[in-house]
Amino acid sequence: MRIVYLLFPLLLLLAQGAAGSTLAPGNKKQCLREKGFCGFLKCSFPFVVSGKCSRFFFCCKNIWG
C-alpha cells in the first residue's frame, strides 16, 4: 500500500507535462515557417505573441495575418 503513495506524485508529474503540449510554435524554425519572427521578451505593435522560440524569445506574428 505504501507504493501507491510513491506512485501518485509520479502520476501527477506526468500529467502536468502532458498538459503543456500545444500547437503553438515551439522553436525558431517553426516560428519562421509560420511567417513570424523571434522577439526578445515582448512583441511590439502590430505583432502579438503566438508561441516561444526559446526561454526569453517569443514568436511574434502580425495581428492582421
Side-chain angles (χ1 to χ4, degrees):
M1 201 60 183
R2 285 186 175 179
I3 189 108
V4 174
Y5 294 111
L6 296 174
L7 289 176
F8 187 68
L10 181 64
L11 179 68
L12 289 176
L13 186 65
L14 291 174
Q16 179 185 7
S21 60
T22 178
L23 296 175
N27 59 27
K28 185 175 181 177
K29 277 186 178 179
Q30 191 174 2
C31 180
L32 294 174
R33 191 179 317 125
E34 294 182 11
K35 298 179 183 172
F37 69 94
C38 296
F40 184 67
L41 292 179
K42 61 178 182 159
C43 302
S44 58
F45 186 78
F47 299 96
V48 293
V49 174
S50 66
K52 287 184 86 170
C53 294
S54 64
R55 176 173 276 181
F56 297 112
F57 287 87
F58 294 95
C59 183
C60 302
K61 291 173 99 177
N62 197 332
I63 294 173
W64 299 288

Minimal non-hydrogen separation, K35 against K61, with atom names: O-CG, 4.5 Å

side-chain contact (heavy atoms from CB on, under 4.5 Å) against V49, all qualifying residues, sequence neighbours excluded: C43, F58

Check SG atoms, C38 and C31, less than 2.5 Å apart: no

Distance in Å, F45 CZ paired with C60 SG, rounded so as to fall on 0.5 Å steps: 13.5 Å

Nearest-0.5 Å distance, SG of residue C59 to CG of residue N27: 9.5 Å

Common cluster, W64/V48, ILVMFWY with side-chain heavy-atom separation under 4.5 Å: yes

